[in-house]
Amino acid sequence: MTPAPVIIAIDGRSGAGKTTLAVELAARLRNHHKVSLFHLEDIYPGWNGLTAGIERYVSTVLTPLSRGDRAIWTSWDWEKHYDGDTRVTLPAEIVIIEGVGAAAAAARPLLSAVIWADSPEDVRRKRALDRDGGTYEPFWDQWAGQEDAWLSGDDVPGQADIRVTNEADGSAPADVLQLLPYLPPLASTLVPEHSARRGLRLRAERLDCRPNAAALFAELYGSSANAVWLDSSNAPSTLPVEQSPAAERSRFSILADDGGVFGQTVIHRSGESLIAAGGATARVPGPFFRWLDTVWGSRAVRTPDGYPGDFALGWLGCLGYELKRETGGTDVAAPTPDAALIFAGRAVVLDHAEGTAWLLVLESADADGWLEAARTALAAAATPEAVPENGGPAEQGGGSNAVVRPPVFSSRDTELDYKHKIAAAQHEIGEGNSYEVCLTTTLTARVPVSAAPPWRTYLSLRRKNPAPFASYLRFGGLTVASTSPERFLKIASGGGMRAEPIKGTRRRAADPVLDAQLRRDLETSLKDRAENIMIVDLLRNDLSHFAEPGSVTVSRLCAIESYATVHQMVSTIDAMLLPGSPRAEAVAACFPAGSMTGAPKISTMAILDRLEDGPRGVYSGAIGYFSLNGATDLAVAIRTLVIDSPGDDGDGGATAELTLGVGGAITSDSVPDEEYDEIRVKAFGVLSALGADFPAG
C-alpha cells in the first residue's frame with residue numbers, strides 16, 4: 001500500500017472538454033510528480049448508466065485509491081453493450097479522475113479538489129460529437145436528461161474548488177495549474193509548482209518620456225475589466241523634485257491590469273478568497289493574511305539594475321477595513337470586498353523625478369507583444385495632443401468635471417446623531433476604555449451611472465484634489481477613486497519599514513493670509529499634537545512586533561504638510577524588519593491603520609463597532625501593492641469615493657451607489673461642533689469635485 005494520494009476530480013457536462021483538460025493537466029504535473037489518470041467513460045454501464053456508473057466508480061475505483069490501494073474494476077464494452085474486461089488503476093502521488101459525476105456527492109468526501117469545467121451547450125455538443133462521431137448522437141438527449149436529473153439534486157458546480165470556462169484555445173490547463181497550488185489540501189504536494197513562481201525572470205526597459213498618465217492608462221487599460229492606477233497625481237511636472245518626505249511619496253506612478261499569461265485577480269470576502277486566472281476561478285477558504293503570506297513576502301525576482309523603484313510587479317489593489325476580523329477586531333460583513341487585488345505580470349512605472357517610464361514584464365510568450373504595445377501607447381501619450389479617455393484637457397491632472405447632475409448625498413448620521421456619538425466616545429474615554437476614538441460616518445448617494453461615470457469622475461477628483469497616494473482601482477463594476485495623502489505602511493525590499501500617520505486637519509483658504517493663519521493654528525494646536533502623538537505611540541508598538549529591537553525611531557513628529565484642500569499634521573515612524581519575519585504578518589500586525597481606529601487599537605475597534613452602526617468597507621483600509629521583491633507600499637484609504645455599479649437595477653436603468661467615508665479623532669477635550677466641522681472639511685475635496693454638497697441636517 002502506498003501513501004494516500006492527492007485526488008483531483010474534473011467534472012462537467014458532456015463535451016465540456018474534461019478529457020483534454022485532464023490529459024494536459026496530467027502531462028504538466030508529471031514534470032514533478034507521478035500521476036495516475038482515470039476516465040469515467042470506461043466504467044459507465046451504457047447510455048442509461050450515469051447513476052449506476054457513479055456508484056461503481058465510487059465503490060470500486062475511488063474508495064481503494066483514496067486509501068492508497070490499487071483499484072480493480074470492471075470496464076464497459078460500448079460495442080457489445082455489456083461488461084467488459086477487468087482493469088487495474090494504480091495509485092500515485094496525484095490521481096486525476098475525469099468524467100460526468102467524478103465529483104458527485106458520494107465522491108466528494110474522498111476527493112482533495114474538485115474542478116468543474118464549463119462550456120456553452122452548442123460548443124459542448126459539437127465537441128462531444130466530433131470526438132465520438134455518430135455513436136453518441138442518437139443518445140445525446142438521453143444522456144443530457146440524466147445529467148439534468150443528477151445536477152438538479154447535486155450542486156457540483158457550487159461545490160467546486162475551481163471552475164473553468166474551457167474554451168477550445170488550449171488555455172484552460174495553464175489557468176487551472178496557476179490556481180491549484182492555492183488550494184490548502186494540495187499546497188504541500190504542489191510545492192514544486194508553487195516554487196516555480198520564485199524562479200520568474202523580470203525584464204525591464206527604460207524610456208525617456210513624460211507621458212500624460214491618464215491618457216496612457218486609458219490607452220493601455222481602458223477596456224480592462226480589472227485594472228489599477230496608483231497615481232501620484234500631485235507629482236511635480238518639472239525637474240528637479242525637492243527631496244522631502246512629501247516628494248518621495250509622489251515620485252512613482254504604477255499602471256497595470258490582470259492581463260497576460262501571469263494575470264490573476266483575487267476577491268476576498270468573509271474568510272473566502274475567489275482567485276481568477278484567465279477562464280478559471282478558485283475558491284480558497286481561510287484568512288486573507290494567511291493566504292497573502294503564501295504568495296508574497298519572499299524575493300521572487302531581482303530588482304532590475306538601475307531601476308530606482310521598489311515595485312517589481314506583483315499584487316496591487318485594496319484591503320477593506322473589515323479585515324480587522326483577522327487582527328483582533330470583530331467579524332463585521334461589508335457590501336464591498338474585504339480585499340480586491342490583481343496580480344500584474346506586466347506594468348508601466350512612471351518616475352516623475354527622472355522623467356522616465358519603465359516597462360516591467362515577466363518573461364513569457366506574450367512579453368514581446370506587450371512591450372511593443374506599451375511603447376506605442378507611451379509614444380501616443382507623450383504627445384501634446386494626448387487626452388484622457390472621454391475627453392478632458394491633456395495637462396497633468398487633466399479631466400473635466402464629469403458630473404452632469406450633482407449627486408445628492410445622505411449621511412448615515414445626522415449632525416445631532418454624530419454629536420451624540422462624540423459624547424458616547426468621550427464617555428468611553430472617561431471610563432478608561434480608550435484614549436482616542438476615531439469616529440467615522442458614511443455619506444451615500446444613488447445615481448444613474450451616466451451621472452457619475454467612474455473614469456471621468458476620477459479624472460475630476462485628481463484635478464480638484466491631487467494627492468501623493470491618489471489611485472484608481474477598477475474591479476468589474478466596483479471602482480475605488482482615492483485621493484489619499486496618507487501612507488499606512490511601507491516595507492522596502494531590504495526590510496526598512498515606515499509609517500506616516502496623519503492626525504490634525506485644517507482647511508485651505510483662498511486668501512494667503514488666512515491660509516497661513518490656518519496652517520499656524522494647526523501647527524500650534526496642543527489638541528492636534530496630542531492626537532498625533534497618541535497615534536505615533538500606537539504605531540511604534542505595531543511596528544515593534546516584527547522589528548529589530550531598538551530599530552523603531554520617530555524621524556518626524558507633528559510636521560505640517562499642505563495639500564490642495566487641506567493642511568495636515570504628519571509624523572514619520574521608521575523601523576527595520578527583523579530578518580526572516582513573515583512580511584504579510586508584519587502588515588497584519590499594523591492593520592488597520594491606527595490613525596483610523598484610535599488607541600488602544602483592539603478595545604477601541606470594539607467601541608467603534610458599537611457606535612458606528614455599520615461597516616466601513618474600503619474606507620479606512622489600505623490601497624497599494626505587494627511586490628515580487630518583497631516590498632510593499634500601502635496608503636490609508638481616506639478621501640476615497642467608492643462607486644459600486646453592479647449592473648441593471650431591474651427597471652432598465654443602470655444605477656451606481658456612491659459612498660464616501662469621513663471621520664475624525666475624538667479625545668476627552670474634543671468640542672463636538674469643531675469635530676463635526678472637521679468631517680465637513682475632509683469631505684470637501686471629494687464632494688466639490690462632484691459638484692455635491694455635504695448633506696444638511
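The figures here come from the full heavy-atom set of this structure, side chains too, leaving out hydrogens, waters and symmetry mates. Just so it is clear, the structure is predicted and the values come from calculations on it, not from any experiment. Numbering starts at 1 and runs along the sequence shown.
Salt-bridge formation is not detected for the pair R206/D351: no Lys NZ or Arg NE/NH1/NH2 atom is positioned less than 4.0 Å from an Asp or Glu carboxylate oxygen. Ionic pairing of D673 and K419 is present here: one or more N-O contacts between side-chain nitrogen and carboxylate oxygen are shorter than 4.0 angstrom. Using a 4.0 Å cut-off between charged nitrogen and carboxylate oxygen, R290 and D293 do not count as a salt-bridge pair. For the pair D310 and K490, the salt-bridge criterion is met [side-chain N within less than 4.0 Å of a carboxylate O]. With salt bridges taken as basic N to acidic carboxylate O contacts below 4.0 Å, one links E500 and R487. Using a 4.0 Å cut-off between charged side-chain N and carboxylate O, R412 and D417 make no salt bridge.
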Exercise for the section: For salt bridge (Lys or Arg N to Asp or Glu O under 4.0 Å), just list the numbers for D305 and R302, CA-CA rounded to whole Å, side-chain angles, deciding distance to a tenth of an Å, and then say yes or no. Expected result: CA-CA 9 Å; D305 293 339; R302 270 185 68 252; 2.9 Å; yes

Exercise for the section: Evaluate the salt bridge (Lys or Arg N to Asp or Glu O under 4.0 Å) criterion for residues K527 and D669: first the C-alpha distance (whole Å), next the side-chain angles of each, then the deciding distance (0.1 Å), finally the verdict. Expected result: CA-CA 8 Å; K527 171 184 174 294; D669 57 353; 5.6 Å; no

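Donor-acceptor pairing under 3.5 Å is recorded for the side chains of E561 and Y563. Side-chain polar atoms of S250 and H352 form no donor-acceptor pair below 3.5 angstrom. For the residue pair S562 / R519, a side-chain donor-acceptor distance below 3.5 Å is found, with atom types taken as modelled. Under 3.5 Å, the side chains of R639 and T483 contain no donor-acceptor pair of N or O atoms. A donor and an acceptor atom, one from each side chain of N629 and T303, are located under 3.5 Å apart. For the residue pair E428 / S434, no side-chain donor-acceptor distance below 3.5 Å is found, with atom types taken as modelled. T505 and Q568 are linked by a side-chain donor-acceptor pair at a separation below 3.5 angstrom, with hydrogens and angles left out of the test. Neither side chain, T356 nor D208, offers a donor N or O lying under 3.5 Å from an acceptor on the other. Remark: the N433 side chain and the H427 side chain contain no N/O donor-acceptor pair separated by less than 3.5 Å. Y458 and D231 are linked by a side-chain donor-acceptor pair at a separation below 3.5 angstrom, with hydrogens and angles left out of the test. With hydrogens and angles left out, the side-chain atoms of T440 and E612 include a donor and acceptor closer than 3.5 Å. Using modelled atom types and a 3.5 Å distance limit, the side chains of Q426 and S668 yield no donor-acceptor pair. Side-chain polar atoms of S595 and E486 form a donor-acceptor pair below 3.5 angstrom.
In terms of heavy atoms, G598 sits closest to L538 at O-CD2, 3.2 Å. Among all heavy-atom pairs drawn from A622 and F488, the shortest one is CB-CD2, 3.9 Å. Between E354 and R210, the shortest heavy-atom distance links the atoms C-NH2, 4.2 Å. Minimum interatomic distance between G594 and C438 (heavy atoms only, all atoms of both residues): O-SG, 4.3 Å. Residues I638 and T640 come closest through the heavy atom pair O-OG1, 2.7 Å.
Judged by distance alone, the side chain of W358 and the main-chain N or O of L350 form no donor-acceptor pair under 3.5 Å. For E326 (side chain) and A588 (main-chain N/O), no donor-acceptor pair under 3.5 Å exists by modelled atom type. Side-chain atoms of T572 do not come within 3.5 Å of backbone N or O of S555 as any donor-acceptor pair. At distances below 3.5 Å, at least one donor-acceptor pair connects side-chain atoms of K601 with backbone N or O atoms of P592. Judged by distance alone, with hydrogens and angles left aside, the side-chain atoms of T524 form a donor-acceptor pair with the main-chain N or O of R520 at under 3.5 Å. Side-chain atoms of D413 never come within 3.5 Å of backbone atoms of Y418 as a donor-acceptor pair (strictly under, hydrogens ignored). Not one N or O on the side chain of E548 forms a donor-acceptor pair closer than 3.5 Å with the backbone of A575. Side chain of K324 to backbone of T330: a donor-acceptor contact under 3.5 angstrom is found.
F684 is linked by a ring-ring contact (aromatic ring centres under 6.0 Å, His included) to nothing, counting only residues two or more places apart in sequence or in another chain. F475 is linked by a ring-ring contact (aromatic ring centres under 6.0 Å, His included) to nothing, counting only residues two or more places apart in sequence or in another chain.
Aromatic pair W229/Y221: ring centres not closer than 6.0 Å.
Rounding to the nearest 0.5 Å places CG of N226 at 4.5 Å from CG of D258.
L628 places none of its side-chain heavy atoms less than 4.5 Å from the side chain of L202. The side-chain heavy atoms of L611 and L439, taken from C-beta on, include a pair separated by under 4.5 Å.
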